[in-house]
Amino acid sequence: MMWISVGERYAEIGLLRAIGARPRQIFLFESMILVMLGGGLRVDLGVAGPLVLTIELPGLPVYVDEQYLLIGLLVATATGLIY
């Protein structure tokens with residue numbers, strides 16, 4: 001799949017190379033963007049779940065700490081960069 005992806009974006013990669021970007025920088029930036037979008041989607045779902053529980057079961061104390069949301073995004077980004 002990576003060969004197909006690179007083949008389809010050959011002109012864009014060439015332009016980035018022409019302005020001085022190294023291949024590693026190009027793919028690192030793209031992987032960071034994709035990881036952060038995926039992590040952001042999961043954080044949104046992590047907020048929506050307790051919100052639905054709070055609406056459906058008002059007596060159930062459900063709380064999402066903002067620090068955990070930030071930690072979730074950082075872990076998703078770090079995992080994407082490592083792998």
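Taking Ile, Leu, Val, Met, Phe, Trp and Tyr as hydrophobic and joining them when side-chain heavy atoms fall under 4.5 Å apart, one finds Val35 isolated, its cluster having no other members. When hydrophobic side chains of Ile, Leu, Val, Met, Phe, Trp and Tyr are connected at separations under 4.5 Å, Val62 ends up clustered with Leu53, Leu57, Leu60. Cluster partners of Leu15: none. The rule joins Ile, Leu, Val, Met, Phe, Trp and Tyr whenever side-chain heavy atoms lie under 4.5 Å apart, and it links nothing here.
Applying the side-chain contact (heavy atoms from CB on, under 4.5 Å) test to Ile19 and every residue at least two apart in sequence or in another chain returns Leu16. Checked against side-chain contact (heavy atoms from CB on, under 4.5 Å), Arg42 has the following partners two or more places apart in sequence or in another chain: Leu45. Listed by chain and number, the residues in a side-chain contact (heavy atoms from CB on, under 4.5 Å) with Ile33 are Phe29, Leu37 (sequence neighbours excluded).
Summarising the geometry of Arg22 relative to Arg17, their closest heavy-atom pair is CA-NH1, 3.8 Å, with the distance given to 0.1 Å.
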Between side-chain atoms of residues 63-81 and protein atoms elsewhere (two or more places apart, or another chain), which donor-acceptor pairs fall under 3.5 Å?
residue: Thr77; atom: OG1; partner: Leu73; partner atom: O; Å: 2.9
residue: Thr79; atom: OG1; partner: Val75; partner atom: O; Å: 2.7

